[in-house]
Protein chains: 2
Amino acid sequence: MAEEHKLPTIKEIAQRLNISVSTVSRALHDHPSIGLRTKMRVQQLADELGYEPNKIAIFFKQRKTYAIGVVLPSLIEEFFSKAISGIEDVARKNKYHVFIGQSHDDVEMEKEIITAMKDQHVDGLIVSLSKQTKNYDHFMALEKYNIPVVFFDRVPSLSNVHKVAFDMVNGTKQMLEFLIKKGHRRIGILNGPEEMISSKERTETYKQVMIKNRIKIDMSLVESTDLSLESTATAVEKMLSLKPRPTAVVAINDYVALDGIRHAKKLNLELNKDITFVSYANIPITSFLQDPPFASVEQYPYKQGSMAAEILIELMNNSSTSESFHNILINGDLVIHATGE
Amino acid sequence: MAEEHKLPTIKEIAQRLNISVSTVSRALHDHPSIGLRTKMRVQQLADELGYEPNKIAIFFKQRKTYAIGVVLPSLIEEFFSKAISGIEDVARKNKYHVFIGQSHDDVEMEKEIITAMKDQHVDGLIVSLSKQTKNYDHFMALEKYNIPVVFFDRVPSLSNVHKVAFDMVNGTKQMLEFLIKKGHRRIGILNGPEEMISSKERTETYKQVMIKNRIKIDMSLVESTDLSLESTATAVEKMLSLKPRPTAVVAINDYVALDGIRHAKKLNLELNKDITFVSYANIPITSFLQDPPFASVEQYPYKQGSMAAEILIELMNNSSTSESFHNILINGDLVIHATGE
DNA sequence: GAAAATACAGCAACCGTTTGCGCATTATTT
DNA sequence: AAATAATGCGCAAACGGTTGCTGTATTTTC
């Protein structure tokens with residue numbers, strides 16, 4: 001049973017009613033040049049037959065797919081799954097659908113996904129770079145296909161692209177000023193890989209704020225991790241064995257901060273007294289944690305996603321290549337987690 | 001610049017070479033009935049022009065999109081984002097792409113997504129039900145369009161569907177036997193909403209195991225939560241205020257267990273002594289937790305996702321409606337988290 | 001009552017590719 | 001040398017729908 005799977009087409013309606021397909025098409029679109037009588041007959045038969053336009057055919061004709069692709073490192077990070085929600089919501093409102101691809105922080109995978117999405121003729125792309133990505137040719141190639149790209153969060157260090165990102169400079173300033181106000185003078189940074197511009201910005205801002213507050217800059221207080229477990233462990237260890245030890249540590253994200261906290265406990269350091277950890281917010285389980293980071297900068301992933309999507313939609317509509325590039329900075333907010341000090 | 005966006009087509013190649021499009025098409029496919037000379041000329045020009053077949057046109061013609069849709073409650077739950085990875089990996093291997101839709105546990109949203117995916121002509125669908133879903137008509141309607149559906153994790157209570165799910169009966173047995181062996185006699189259940197078959201199975205298994213171990217069944221030890229924060233809080237409170245209090249509690253997932261643990265601490269109960277919490281694994285941050293659930297049953301989301309995808313691919317290939325339905329049960333494994341007792 | 005305007009519907013091309021069938025050429029067989 | 005078989009390629013339809021143009025009744029206008 002159910003083996004005939006012949007969906008009704010406009011052609012069929014035309015035959016049954018003994019009129020032309022163009023008339024049917026126009027009737028269904030309520031075109032003014034079709035008589036009321038005909039329109040009604042068509043509408044009725046269409047309903048009876050359960051006719052539904054074949055969108056693939058339409059997309060093909062219109063050279064549009066109403067699909068946007070999203071490429072990001074990993075859905076497991078809450079930051080990204082929240083961002084996806086923002087993208088999805090905006091997309092749905094505008095009748096777009098969302099393809100998702102995870103690069104798992106692998107450039108080759110990223111390229112593959114981009115190619116696949118190009119082949120699928122997505123109308124636009126939203127991308128958060130893999131942490132390995134240094135070269136942007138595979139994105140630039142998309143221009144040829146007229147596929148606009150909006151980057152978010154992990155954006156390339158180029159000026160001629162559209163991007164939405166957390167305002168790292170501002171967020172880092174807030175965080176450092178907060179710590180300094182609390183009396184900290186020796187502040188460590190558990191930074192991300194050099195390839196990420198956010199890492200560079202963090203370091204720069206660090207220097208800036210230190211200078212402004214007349215604190216001597218000590219670059220041995222800046223450690224990097226490529227975010228792998230081992231690399232993070234090494235960085236944490238180095239950081240905590242510095243002499244004198246920093247009294248506060250800014251970690252690139254909550255996971256790294258938690259690693260630091262765990263290690264500090266092992267060393268029998270008293271948290272928020274001997275040493276204070278702060279970070280940039282990625283995870284929301286802090287309420288279950290005995291010792292959360294003292295504070296985090298909320299980065300509003302949902303907002304980043306939805307803004308990126310809005311920009312993309314604008315770009316897809318006005319294919320009139322507006323010469324300017326969007327460069328949105330999202331302001332973070334400092335959130336205090338720890339219950340007391 | 002770049003305003004001509006005219007991608008080369010087979011037609012263009014044909015014109016330039018003064019041959020027919022059919023010849024070009026066949027040449028590009030290495031069809032035996034095309035002469036070597038012609039093939040080479042075509043190939044070369046195609047390379048020069050950077051020709052790429054228009055997949056949309058091909059999909060349209062072949063009435064296939066090479067897209068599979070995935071509908072699930074929320075990407076934020078790690079269980080699901082891991083499952084997605086499993087689905088994606090299998091899909092990619094088979095040249096399929098993945099559309100994702102989040103129902104956010106809302107039936108209406110679920111229906112909308114299904115409709116959208118049907119309109120997009122996905123070739124198949126993988127679904128984990130919203131916790132509200134009681135009626136499966138919107139899935140059954142897909143038969144008409146010849147779109148196969150494979151359910152996973154949150155599956156419907158129907159026998160004539162394909163599904164992959166965690167073996168709740170077995171997993172729960174393992175867990176309960178484990179607790180009983182440890183001496184627990186008064187075991188509470190923080191169960192999920194009644195609509196989820198897993199909840200029913202949990203209750204049933206509970207009774208069964210109790211009977212087998214000659215422990216009197218006390219249904220006041222079974223509390224339900226709809227998984228909202230408030231509902232969970234209420235259930236936890238009730239559970240911990242029972243007299244006598246249970247010495248062990250099985251929670252539907254880690255989040256609920258953590259809520260229980262937090263509440264127990266507030267009541268100054270000593271964990272794993274006065275009361276022990278166990279659950280089904282959804283989250284991996286246990287290593288950062290001071291007091292993780294004592295044990296969890298790992299549900300292998302990646303495996304569930306990849307198996308569901310494999311079944312779907314099989315179904316999409318053999319549209320020969322095999323009369324039997326897949327009904328895979330994934331065996332869980334008990335994982336002990338707590339460091340000591 | 002004839003000319004002009006309007007209303008209604010059909011023709012055919014088009015989007016890019018695939019494929020069954022037929023038709024020339026050339027090559028092979030006897 | 002004639003009949004047969006390969007070989008190489010083109011024609012045209014098909015997938016489902018949209019749209020500019022054309023054509024014919026029917027009305028309206030003066």
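Predicted, not measured: the structure shown is a model, and the values here were computed from it. Below, read A as the first sequence line, B as the second, and so on, with proteins coming before strands; counting in each chain starts at 1.
Note that the CD atom of B:E108 and the OG atom of B:S103 stand 11.5 Å from one another [nearest 0.5 Å].
B:H31 has its NE2 atom 13 Å from the P atom of D:dT7, to the nearest Å. Spacing between atom NZ of A:K64 and atom C1' of C:dG16 amounts to 20 Å, rounded to whole angstrom units. Rounded to an integer number of Å, the gap from CD1 of B:I34 to C1' of D:dG10 is 9 Å. In this structure, A:H29 atom NE2 and D:dG17 atom P are separated by 10 Å, rounded to whole Å. Separating the CG atom of A:N18 from the C1' atom of C:dG10 is a distance of 12 Å, rounded to the nearest angstrom. In this structure, B:H121 atom NE2 and D:dC15 atom C1' are separated by 12 Å, rounded to whole Å. Atom CD in B:Q15 sits about 15 Å away from atom C1' in D:dG10, given to the nearest Å. To the nearest angstrom, P of C:dT18 lies 12 Å from NZ of B:K55.
Side chain A:T9 to base D:dC15: no donor-acceptor pair is found below 3.5 Å. The base of D:dG20 sits within donor-acceptor range of the side chain of A:R26, with an N or O pair under 3.5 Å.
Between A:D105 and A:R154 there is a salt bridge, with a side-chain nitrogen of the basic residue lying less than 4.0 Å from a carboxylate oxygen of the acidic one. Comment: B:D137 does not engage B:K111 in a salt bridge, judged by the lack of any side-chain N to carboxylate O separation of less than 4.0 angstrom.
Regarding contacts with the backbone of C:dT18, a side-chain N or O of B:S25 is found under 4.0 angstrom from either OP1 or OP2. In this model, the phosphate group of C:dC11 is not approached by any side-chain N or O of A:S22 to a distance below 4.0 Å at OP1 or OP2. In terms of phosphate contacts, A:K11 brings a side-chain nitrogen or oxygen within less than 4.0 Å of OP1 or OP2 of D:dC15. Of the side-chain N and O atoms in A:S20, one or more sit less than 4.0 angstrom from OP1 or OP2 of C:dG10.
Stacking between B:F60 and C:dT17 is absent: the ring centroid is not both under 5.5 Å from the six-membered base ring centre and under 30° in plane angle.
Across all strands shown, B:I56 has no heavy atoms under 4.0 Å from either base or sugar-phosphate atoms. Using a 4.0 Å heavy-atom distance criterion, B:Y51 is classed as a sugar-phosphate-only contact.
Taking the side chain of B:P53 as heavy atoms from C-beta on, and the options C:dT17, C:dG10, D:dG8, the nearest nucleotide is C:dT17. The side chain of B:I58 lies closest to C:dT18, out of C:dT18, D:dG10, D:dT18.
Nucleotides of DNA chain D nearest to B:G35 and B:K61 differ in position, and the one nearer the 5' end is that of B:G35. When each of B:V21 and A:N54 is assigned the nucleotide of DNA chain D bearing its nearest heavy atom, the one mapping closer to the 5' terminus is B:V21.
Using a 3.5 Å distance cut-off with no hydrogens or angles, the side chains of B:E195 and B:T133 do not pair a donor with an acceptor.
Aromatic rings of B:F151 and B:F139 (six-membered ring for Trp) have centroids within the 6.0 Å cut-off, being under it.
Pairing each heavy atom of A:I147 with each of A:L125, the nearest pair is CG2-N, 4.3 Å.
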